[in-house]
Structure formats: C-alpha cells, structure tokens
Amino acid sequence: MDEIAREYPLIECNLTKLGHNAREIVSRCAARGISVTGVIKGFNGDPRVAAVFRDCGVDGLATSRTEQIAACRAAGIPGPYMLVRIPMPGEAADVVSLADSTLASEMPTVRLLDAECARQNKRLGILLMADLGDLREGFWDKDELVEAAAETEALSNVDLLGVGVNLGCYGAVVPTPENLGALAEVARSVEARIGRSLALVSGGATTSLPLVLDGTMPARINHLRVGEGILQGKDLSDLFGLDMSFLHLDVFTIKAEVLEVKRKPSRPVGRIFVDAYGYTPEFPERGVRRRALAGIGKLDFAYCDMLKPREKGISVLGASSDHLILDAEDYPGELKPGDVLEFDARYAAALFATGSRYVRFVCTR
Ligand SMILES: *Cc1c(COP(=O)(O)O)cnc(C)c1O
C-alpha cells in the first residue's frame with residue numbers, strides 16, 4: 001500500500017506499556033514457580049512488538065500461525081517458538097522448520113512430525129493436550145493420552161515436553177483448582193507410565209492467571225501461555241473483576257477519522273428488513289441526535305462492542321463493513337469531518353485491526 005499517503009485509520013501499540021505489563025505478569029508467575037511463554041497472535045505476531053515481548057523475561061514466544069513465526073525469525077527475534085494451534089498435517093514441514101515445540105493431540109500427526117524431523121535433521125518438542133471440558137483440542141480419554149505419551153517418548157526425533165490444557169476459549173469453561181488439579185493428575189499418570197518427570201505442565205492461557213494472582217494454582221502447574229493478559233489487562237479487570245491496577249490497560253489505541261457529523265433520527269425511516277450481514281437490528285427511540293461516522297469498519301475490527309471511545313460523550317451505535325457509526329449528542333466539543341477519535345481496542349478489535357491491510361500499525365514508546 002505504498003501509494004496510500006493517508007494516516008488513518010491506525011492502531012497504535014505502546015511498547016513501553018506492553019513491556020511493563022509483560023514483566024509484571026512474568027514476575028508474578030515466577031514467584032509461584034510458573035514460567036510464561038509469550039503469545040504473540042493477539043497482534044498478528046508483528047516482529048516490532050514480539051521483540052519487546054521476548055525481552056521481558058518470557059521463556060519463549062508462541063503463536064497459532066507458522067507465518068508469524070517465519071516473520072519473527074526473519075526479523076532476527078530469538079525463540080524458542082511454540083506453535084499453540086495443534087498442527088495441520090499439511091503444515092508438518094513448516095512446523096518442523098520453524099517451531100521448536102508444538103501442542104499436539106493426534107498421534108498420526110505426531111508420527112508425521114517425527115518423520116519430518118528425521119528428514120530435516122531437527123528435533124521438535126511435543127506438548128500433549130488434555131481436554132478438561134472446554135471441548136476444543138485435546139485428548140478426552142486420559143488413558144489414551146497416557147498411551148500417546150508413551151508412544152511419543154519412544155519416537156526418535158521428537159521430545160515429549162509435557163502435558164497441557166486449554167480452557168475458556170471455545171466452551172468458555174473457567175479454570176479452577178479442580179480442573180487444573182485434574183491436569184496435574186494426568187501429568188502424574190504420564191510420569192508413572194514413562195518413568196521420568198515431565199518438564200512442562202502447562203495450565204492454560206490468560207484465563208488461568210486469576211489462580212496465580214489469588215494463590216490457588218495447583219503446585220504441579222509450572223507453565224502458562226499468556227498473550228491477552230499482558231496485552232489486554234482490561235479484559236481481566238472487566239470480565240473477571242480482578243484488580244489489575246499494576247498493569248497498563250491501554251496498550252493499544254485505535255484512531256479513526258470523522259467522515260460525517262449530522263443530526264438524524266435515532267430510528268431508521270422506512271420498513272426495517274435485514275442489515276448488510278443479514279441481521280435485523282433494533283433501534284431504541286431517543287429522538288433526533290448528533291451522530292458521527294468514522295472511517296473504519298467491521299472489516300477492520302469485526303465486533304463494534306470491542307471498541308470503546310476514549311472521549312466522553314461519544315458511544316458506538318454500530319458499524320457496517322467500512323463505517324463506524326457513533327452517537328455524539330453528549331460530546332461537549334465541536335465535531336467535524338477530519339477530527340480524529342481515539343478508542344480502546346479490546347482483544348478481538350486489536351486482533352483484527354493489527355491484521356487489517358487497511359489499518360496502519362504504529363508502534364510508540
Ligand atoms: C491463544 C492461545 C493461548 C494464549 O491465549 P491468551 O488468551 O492470549 O493468553 C494459549 N494457548 C492456546 C492453545 C491458544 O490457542
């Protein structure tokens with residue numbers, strides 16, 4: 001997009017705030033014997049941000065996409081790198097050439113990775129996943145997991161690093177001392193079967209941090225994979241009601257330019273059918289109000305409730321693919337085309353905006 005000269009929309013990442021957050025989370029985990037792998041997928045693995053993340057005491061970087069590992073390696077950012085989406089069999093060659101370890105839950109894939117390691121003369125660490133209720137990846141049958149661990153241990157080109165779980169992503173299941181205690185139990189069964197102790201018992205992601213902070217994490221859990229909690233402390237304070245005052249809650253800022261400011265009725269005029277996405281929206285009657293359009297849309301942030309205006313008196317009414325529609329009736333100042341509005345970007349908004357080719361990604365300090 002070299003021919004595009006405009007400045008907005010943009011998403012800004014404050015690297016100083018991000019670094020502070022990462023060090024705070026890493027040190028709180030370290031105090032409980034837990035190492036942290038920094039997950040970089042929440043900002044599409046941008047190497048400028050990943051470089052700062054890597055410097056903050058994490059034991060490595062992780063992401064779900066091999067392309068992001070390739071970009072960070074090309075930028076010279078040291079690993080080790082963990083792949084946190086269980087691999088597609090079709091990407092086995094990339095996983096072996098790019099990653100140092102991967103999550104896994106299918107033995108045919110682990111065998112494929114082992115063969116690929118032999119071909120590339122490389123080694124790959126394997127973290128076998130247990131499904132403890134969230135119903136995304138992982139062995140449901142824990143005896144099957146123990147047998148898979150024994151087989152992985154016997155393969156010549158991969159290393160069984162340990163076991164892990166993911167919670168709170170698909171099934172929205174809350175990590176507790178009970179379900180993470182069950183992971184510790186799985187680790188004990190594997191260790192009894194293979195006759196040695198496991199290096200990693202990986203108790204999940206950001207949603208497991210509350211147990212670290214309140215001291216209820218089972219002792220055997222010694223590793224977490226954390227992205228959101230470092231990038232988006234606001235989610236932990238808003239969603240989990242935790243005191244996150246030791247973190248900066250505004251690492252990311254989205255800025256968009258105002259396109260139109262007009263007074264209009266609050267309900268559409270005419271027969272209401274479906275919007276651009278096939279939904280029939282509801283519009284409360286609030287009379288004629290000042291509204292503003294900004295030049296950013298669902299194509300860039302997907303969910304408008306993930307954008308929170310920083311200016312008082314401005315609220316998000318909705319969005320189409322390319323327009324953000326704002327209520328500005330209570331905004332005390334003047335508002336006109338060309339003004340720039342700032343927004344907090346919650347997890348999904350930062351995820352989409354940092355990956356949108358229509359949004360500039362700016363790093364500040
Ligand atoms: C995305 C992901 C993480 C990190 O999640 P955050 O909520 O960003 O901390 C950890 N593990 C797995 C398997 C993931 O997919």
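Order of listing sets the numbers, starting from 1, for every ligand and every atom in it.
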Would you say the side chains of [X] and [Y] form a donor-acceptor pair under 3.5 Å?
X      : Y      : value
Thr63  : Gln68  : yes
Arg310 : Thr253 : yes
Arg65  : Asn44  : no

Flag if over 12 foreign heavy atoms under 6.0 Å of OH, Tyr170 = no
Contacts table for residues 86-98: side-chain donor-acceptor under 3.5 angstrom, sequence neighbours left out:
unit_1 : atom_1 : unit_2 : atom_2 : d
Glu91  : OE2    : Met88  : N      : 3.0
Ser97  : OG     : Ala93  : O      : 3.2
Ser97  : OG     : Asp94  : O      : 3.3

The protein residues that pass the under-4.0 Å heavy-atom test against ligand 1 are Val39, Lys41, Val84, Leu103, Arg136, Glu137, Asn166, Ala205, Thr206, Arg225, Val226, Gly227, Glu228
- [ ] Would you indicate whether the side-chain heavy atoms of Leu326 and Ser315 approach each other to under 4.5 Å?
- [x]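 A side-chain contact under 4.5 Å is absent here.
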